[in-house]
Each structure stands twice: as C-alpha cells, then as structure tokens.
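Contents: one structure, followed by commentary.
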Amino acid sequence: MTTESGTDEHVAPLVEQLLHEVDALTDELTAEIMGDENSRRESALLGHDRLRESVRDNLLTLLTTLQGCPTTLDAPRAAGRLKAERGIPLAALLHEYRMAGRFVWDRLLALVTDEQSATRLLTLASDIWGAIDDYSRAAAEAYRTTVEVQTRRDATARTVILASLLDGRVSTGAAAWEIARVLKLDCHGPFLVVCAETGEGKRMEPLPGVENRLRVAGIGSEWISQIGTVVGLLALPTEQAIEAAAGEFADVALSRVGISRPFTSPVNAATAWREAQLAVQCLPPGTKGTHFYGSSPVTLLAAASPDTAAEVARTVFGELFALPEAEQVTLLDTLHTWFTSCGSTKRAAERLHCHRNTVLYRLNRIAELTGRHTTGAESSAELYIALQAVRLSSRITTG
C-alpha cells in the first residue's frame, strides 16, 4: 500500500523523519564532504557555509522527491553554477552527488526496525539513484553552461586589454606590466609582436595550431583578431627562444607573417605592432612566409613608403613596363634571380634552367630599356630598389 503522495506506507515515515532532521543531516553530510580526500581541496575553495547551504538545498529536494512530491531541478543547477564560478572541477561536483546518494540510503537503512520495512525500502533504492542521476545531469549541464559563459566573457576581456596595449592606450610601464601579468605574459624574457595576414572578410586561420606549439616550446602568447589580420603578443623565456618562435611560424604560416623586433617592456607593444604590420608588407602579396622587421633595409624602405617606391619603379622601369606582360615577367624574374644569386650569371642560369648567355642577353636587354647596368654600383642599386618596389606591389607592371 502507498500513501497519497505515492510513497510506500512503510517507507514514508522514514523519509518524513529524515526531513525533520534535515539540518542535522546537512551538518553530517557537509562534514563528510569536507573530510573526504577527493573533495577536501575543492570544498575549501567553496567554504563551509556556502557548501552547507548548497548541501541543504539539495538534500531537501532529494527527500521531497522521495516523498513523491513535485520538485524542481533548481538546487542542482545552482550547485553546478556555483562550483563552476569557484573553479571547482566537475568531477568533484559529481563525486559529491554520489556521496549524497550513499548518505541518504545509509540513513534510511539505519531507521529500519522490521524486516517488512527493510524489504519495502529496497524499492526506494532505484528512486534514490534515479534522482541522483537527474541531479547530477542537471548540475553538470549548468556547470558547463557557466563555464562557456565565463570563457566567452574572459576571452572578451582579454581581447579588450590586449587591444589597449597594442593600440597605445596604455602609456605607463606599471599599467603595461599589470596587463602582461593578467595575461600571464609577465616572464623576464623579451617580447615579440606577430602580425599574420588573413585578408578582409576571410576566415582563414593563418597560423593553425601555433599557440599550442609555442606553449610546448615554453613561449606564452595571447592573440586577437583585427581587420584582415591576427595579432599576437609573445612572451619569451630567453632571447634564444626568438629563433624557436620564428621556426614555429615558418612551419605553419599560410600567409604573410610579420614579426617585430624583440623588446623588453610591454609598454613598447604599440610600436612593435606597427613594426610587425610593416614587416608583413615586406613580403610580396599572395605569398606565405615570415619576415622580421628590419632584416632587409631596402625592402623596408619600399614597404614603408609605397607611393615613393611606385614612383621609383616607374622611373627605372618605365620603358620595360611598355612591353607585353609575359616579357616583363621574364626580364624581372631574371633580374631578381641574378641578384639572389649574388651576381653570378652561371648560378642564375642554373636556377632559371637556361643558358648563361640567355641570362646575359636578358640583363643587357634590361640595360637597354632602363639605361642602367648591373655592373655599375649606383645603377645596380637603383635596379634593385625598383625591383623590390615591383615585387611588393599588388601588380607586376604599371601598364
């Protein structure tokens, strides 16, 4: 026979007695949780009073459910949110629900005085563990939702403070170091700013997996997305780690990547960001790879003043630009190969897969069109600077 609420008449008084003793039971279960070796550290993070309040709410809900009365999942959801906010692992939360299930079952068994009640109590076991499963599931869902919200909020906050550092709004060293500390980038090694091109409106990840690779190498980093780029602030443990960082970028880069000069204080991050942006422009459009700011002074000059560089290119290559595009490409590629071969006609011919005389013919043809010979120091310098201007422009010719 069952009571009006749905609980067996032999069991209902036992549940009712536990409800009357809920405060004492709360103290007992709270003490057990705080003394359990799997929960002790996490419980300390929450504190006795806050833990006790959560335990009481969940005990009341469980016992009321066992009476057959309607309840809600508010208590377990609140527990899940609370543990997530305090940084307590989800595993510890679920372990405490299992402890609570055993605790209630043991207390019910202790109240049994006759064989018939003991037999009837067995039917309540499935109700207890079914409720514990429901509470654990609700608590876990609330926990994960809270963590997701916190993660988004934290990511937004980190983005804002990193942006303030990069755009120069932080003007004092103390404030800059505090931001570095919050971002966990306050090690004593040098800093770098990295700018990787994504292209406006594109969703390409220009440096896939690089944050984890840097972490493995002992290099901390924080990243934000800007228009057309992804920007990172790196904190290196030593100066020797600069080479390791550059190697990681070179391995994974899917676009142009600019790297600033190393600097010793985060207050200089704004200047470094401008350097990294300019370093990106030191690579030809449409290519992929890395470039350190200042590693190629001539290229830097061309990238820093694109209008002037374009004027130099038109001045030097004016007649050459009047040729058909295929011929332009051939001549400029030959000139580039000759320069990268350290002025060796033989080596340039090998790289271009043509005869040495073909290279000489093309160089002479360039001399005819530009009035500048590769054998003269000033003429050669003008040809090289103009060539870099062309290579860094978005077009091969101006025609």
Side-chain angles (χ1 to χ4, degrees), residues 195 197 243 246 249-250 253 255-261 274-399:
C195 184
E197 188 178 55
E243 185 175 345
F249 294 130
S255 65
R256 298 189 294 178
V257 180
I259 307 173
S260 73
R261 293 177 296 182
R274 289 191 290 273
E275 292 178 353
Q277 289 174 303
L278 196 53
V280 169
Q281 303 305 315
C282 289
L283 294 167
T287 62
K288 64 179 182 179
T290 61
H291 186 89
F292 270 96
Y293 177 87
S295 61
S296 176
V298 171
T299 304
L300 178 60
L301 283 173
S305 183
D307 290 341
T308 301
E311 181 60 32
V312 170
R314 284 192 293 268
T315 300
V316 174
F317 293 136
E319 292 190 25
L320 187 150
F321 286 153
L323 299 175
E325 184 172 334
E327 191 172 351
Q328 291 182 49
V329 172
T330 298
L331 293 177
L332 292 175
D333 188 43
T334 299
L335 183 60
H336 171 70
T337 304
W338 186 83
F339 276 123
T340 58
S341 299
C342 300
S344 170
T345 306
K346 178 182 177 182
R347 195 175 307 157
E350 292 172 352
R351 292 182 177 180
L352 292 168
H353 305 290
C354 65
H355 194 275
R356 177 175 178 274
N357 288 340
T358 301
V359 175
L360 289 173
Y361 168 78
R362 293 173 182 172
L363 293 177
N364 287 331
R365 178 71 172 139
I366 291 171
E368 291 174 4
L369 293 167
T370 65
R372 294 166 175 83
H373 295 266
T374 55
T375 53
E378 184 175 346
S379 293
S380 182
E382 290 177 352
L383 287 170
Y384 183 77
I385 293 171
L387 179 64
Q388 293 306 309
V390 171
R391 287 177 57 78
L392 296 183
S393 69
S394 58
R395 301 175 60 184
I396 293 297
T397 75
T398 59

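For reference, positions follow the sequence shown, starting with 1. Nothing here was measured: the structure is a model prediction, and the numbers come from that model.
- For the atom pair S344 OG and R356 CZ, the distance stands at 8.5 Å (nearest 0.5 Å).
- Side-chain contact check for R256 versus P285: some heavy-atom pair is nearer than 4.5 Å.
- Donor-acceptor pairing under 3.5 Å is recorded for the side chains of S295 and H291.
- Between the side chain of E275 and the backbone N or O of R261, at least one donor-acceptor pair lies under 3.5 Å.
- At least one donor-acceptor pair closer than 3.5 Å links the side chain of H355 to the backbone N or O of N357.
- Here the CG atom belonging to L278 is positioned 11.5 Å from the OG atom belonging to S260, to the nearest 0.5 angstrom.
- With hydrogens and angles disregarded, no donor-acceptor distance shorter than 3.5 Å links the side chain of S305 to the backbone of A302.
- Using a 4.5 Å heavy-atom threshold, the side chains of L383 and I366 count as touching.
- In this structure, T374 and L335 have side chains that are in contact, with non-hydrogen atoms separated by less than 4.5 Å.
- A distance of 4.5 Å separates CG of L360 from OG1 of T345, quoted to the nearest 0.5 Å.
- Rounding to the nearest 0.5 angstrom, the gap separating the CD atom in E327 from the CG atom in L320 is 7.5 Å.
- Under the 4.5 Å side-chain criterion, counting only non-hydrogen atoms from C-beta, L369 is in contact with L331.
- For the pair Q281 and A303, the tightest heavy-atom approach, listed with the atom from each and the gap, is O-CB, 3.7 Å.
- Atom CG of L363 and atom OH of Y361 lie 12.0 Å apart (nearest 0.5 Å).
- Between I259 and A279, the shortest heavy-atom contact is N-CB, 3.8 Å.
- Annotation: side chain of T334 is not in contact with side chain of R365 (no heavy-atom distance under 4.5 Å).
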Please determine whether side-chain contact (heavy atoms from CB on, under 4.5 Å) holds for the pair E382 and T370, giving the CA-CA distance in whole Å, both sets of side-chain angles, and the decisive distance to 0.1 Å. CA-CA 10 Å; E382 290 177 352; T370 65; over 6 Å; no
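- At least one side-chain heavy atom of L352 sits under 4.5 Å from a side-chain heavy atom of R362.
- Here the closest non-hydrogen pair linking L387 and F317 is N-CE1, 3.6 Å.
- Residues that satisfy the salt bridge (charged side-chain N to carboxylate O under 4.0 Å, His left out) test with E350, not counting sequence neighbours, are absent from this structure.
- Residues V316 and I385 form no side-chain contact, since every pair of their non-hydrogen atoms from C-beta on lies 4.5 Å or further apart.
- Between H336 atom NE2 and L332 atom CG the span is 10.5 Å, to the nearest 0.5 Å.
- The two residues S341 and R351 come nearest to each other via the heavy atoms OG-NH1, 3.4 Å.
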Report the C-alpha separation of F292 and C282 in whole Å, then their side-chain angles, then the decisive distance to 0.1 Å, and conclude whether the side-chain contact (heavy atoms from CB on, under 4.5 Å) test is met. CA-CA 9 Å; F292 270 96; C282 289; over 6 Å; no
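- Annotation for S255 and E197: closest pair OG-O, 2.6 Å, computed over non-hydrogen atoms.
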